[in-house]
Amino acid sequence: MSPHVDGRRPARRTAAAGVPLALIAALIAAGPAMGAPSGEAQVVRTATLGDIPLGVFSNRLLPGTVADDRGVDLGGIGSDIYPAGRKGEFWTVTDRGPNGQIKVAGTKRRTFPVPGFDPAMVKIRVRGDTVKVLDAIPVTTSLGKPVTGLPDQQGRDEAPYDYNALTALSYNPNGLDTEGIVRASDGTFWLVDEYGPSLVHVSARGKVLTRYVPKGLNLTGAGYPVVEALPSVLLHRKINRGFEGLAQLPGGELVLAVQSPLSLPDTSAGEFSRTTRLLRFSPKKKTVTAEYAYRFDPVNVVDPSEDDTSELKISSVVAVGGDRLLVEERTDKAARLQLVRLDRSSNILGSTWDDDTTSPSLEQLDDPAASGVPVLAKNLVVDLGTVAGVPGKIEGVARVDHDTLALINDNDFGMTDGAGAFDADGRLVDSGVETTVSYVRLPHRL
């Protein structure tokens, strides 16, 4: 049987049903950047993921979950990237799946054109100019059922709709908008999620062992254990801007990055703020052990083409030894990597800044340091916006060696927002943006 569902455009489709997932190879390549001046960061390799029909990918992992992929290919694996041990091999993670926004009667609705899609951890190999899928593990409930990427709670998360934003879909308390990924020494995985926001411990086979959420979330009906272990102030996370970055420190503790400033006390405060938060979590103690205030640079410094502060995000954090961390500040078009040290004197956990009645809130302070907040000091490592060959929307960063980083972009499954995302037959009008892994060599050791 052909993997191409009825109505699929034939161009560029090369994968066939019956081909083992590990043998589906990437076919499109981009060459390395050349001619960068000595002493500057430069792209030394670019590899591209080829076209893998999303239905073929999903149904090999969980048969029957995707009845119609609407012409969408596997993508979105660029939510994060983590070294898998062997040279050129990495673990990546998808986000919640193809999704977009369409305005109906003046109101934006969140669409899920492939609602049966289940988030997955995807192992890849970068070789030459290709990205090859070696393995994939779906994220499931305790009983092995798909968690899906659908929103959890009515009134807290956006209402889900079908591809054309006309048919409402059901919420799912199991749903995860997975982002960061690390692999522990025991073979289990840790993921972060934007909905809760939450930290998710997953078995080596993909079953959710525990989902750690903010105190007071009151998430019920999930098919796996839910533990309220995170500060309640995180209940004020901006919609679609929960946890996105995740790092594993040498001792095994985890660092979680809130993508954007909290909406505290209201949406306006979060939109104009440049202060977000990092949390430190102990898997042994199963609790948060520290919290840090992180201050973005002005948006026009991160991205000279942007003047909207709300476009600032942290998408990746990378441990680089001791308590040192690379933090990626970005917009969709540019990114900068900053080096910070998580010193004990900067811990604000349990302070007045975790009390959502504090006024002004941490997010409202124009100069937190002047108000006595121990903001993390940082040093710029590289401005990726000035490095030729780096694509937009970099969401994952991994350390390859002492002076080389691997970057992966989020191509949003080739989707765009608006009613034009799909044609009259309900097939995807592909954006043409591919999933790529780029190696960037830095002028200095990390």
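Note that the structure is predicted; figures quoted are calculated from it, not measured. The residues of the chain are indexed from 1 along the displayed sequence.
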Is it true that atom [atom1] of [X] has more than 12 heavy atoms of other residues, nucleotides or ligands lying nearer than 6.0 Å?
{"X": "R324", "atom1": "CZ", "value": "yes"}
{"X": "K145", "atom1": "NZ", "value": "no"}
{"X": "D366", "atom1": "CG", "value": "no"}
{"X": "H402", "atom1": "NE2", "value": "yes"}

Can you tell me how far the [atom1] atom of [X] sits from the [atom2] atom of [Y], to the nearest 0.5 Å?
{"X": "Y195", "Y": "L217", "atom1": "OH", "atom2": "CG", "value": "13.5 Å"}
{"X": "L256", "Y": "F243", "atom1": "CG", "atom2": "CZ", "value": "5.0 Å"}
{"X": "S198", "Y": "L234", "atom1": "OG", "atom2": "CG", "value": "10.5 Å"}
{"X": "N174", "Y": "S142", "atom1": "CG", "atom2": "OG", "value": "9.0 Å"}
{"X": "F189", "Y": "I181", "atom1": "CZ", "atom2": "CD1", "value": "5.5 Å"}
{"X": "L337", "Y": "L442", "atom1": "CG", "atom2": "CG", "value": "8.0 Å"}

What I'd like to find out is whether the side chain of [X] reaches to under 4.5 Å of the side chain of [Y], using heavy atoms alone.
{"X": "L176", "Y": "L191", "value": "no"}
{"X": "T210", "Y": "K286", "value": "no"}
{"X": "E434", "Y": "D51", "value": "yes"}
{"X": "E395", "Y": "E179", "value": "yes"}
{"X": "L349", "Y": "V288", "value": "yes"}
{"X": "N99", "Y": "D177", "value": "no"}
{"X": "R277", "Y": "D354", "value": "yes"}
{"X": "T94", "Y": "V122", "value": "yes"}

Could you walk me through whether F413 and F117 pass the ring-ring contact (aromatic ring centres under 6.0 Å, His included) check? CA-CA 12 Å; F413 292 83; F117 175 80; 5.5 Å; yes
Checking [X] side chain against [Y] main chain: does a donor-acceptor pair fall under 3.5 Å?
{"X": "E228", "Y": "G216", "value": "yes"}
{"X": "D80", "Y": "T178", "value": "no"}
{"X": "K393", "Y": "G78", "value": "no"}
{"X": "N172", "Y": "V147", "value": "yes"}
{"X": "S273", "Y": "T275", "value": "yes"}
{"X": "S361", "Y": "L264", "value": "yes"}
{"X": "D343", "Y": "S346", "value": "yes"}

Does any donor atom in the side chain of Q248 or Y82 lie under 3.5 Å from an acceptor atom in the other side chain?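 Yes, Y82 and Q248 have a side-chain donor paired with an acceptor closer than 3.5 Å.
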Would D118 and T65 count as having a side-chain donor-acceptor pair, cut-off 3.5 Å? no
Test salt bridge (charged side-chain N to carboxylate O under 4.0 Å, His left out) on K313 and D332 and set out the steps. CA-CA 9 Å; K313 306 156 191 168; D332 282 351; 3.0 Å; yes
Quick one: list whatever passes side-chain hydrogen bond (donor to acceptor under 3.5 Å, both in side chains) with S170, sequence neighbours left out.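 Once residues adjacent in sequence are excluded, S170 has no partner under the side-chain hydrogen bond (donor to acceptor under 3.5 Å, both in side chains) criterion.
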Applying side-chain hydrogen bond (donor to acceptor under 3.5 Å, both in side chains), can you list everything that pairs with D355, at least two apart in sequence or on another chain? T357
Any salt bridge (Lys or Arg N to Asp or Glu O under 4.0 Å) pairs touching residues 236-249, not counting sequence neighbours?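 Checked against salt bridge (Lys or Arg N to Asp or Glu O under 4.0 Å) - neighbours excluded - the pairs reaching residues 236-249 are D157-R237, K238-E271, E244-R330.
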Kindly indicate, with the supporting measurements, whether the criterion side chain to side chain contact (heavy atoms under 4.5 Å, CB included) is fulfilled by Y294 and V317. CA-CA 12 Å; Y294 183 90; V317 287; over 6 Å; no
Residue pair T46, T436: steps toward the side-chain hydrogen bond (donor to acceptor under 3.5 Å, both in side chains) verdict: CA-CA 7 Å; T46 298; T436 62; over 6 Å; no
Full working for side chain to side chain contact (heavy atoms under 4.5 Å, CB included) between V302 and E311: CA-CA 10 Å; V302 177; E311 290 299 312; over 6 Å; no
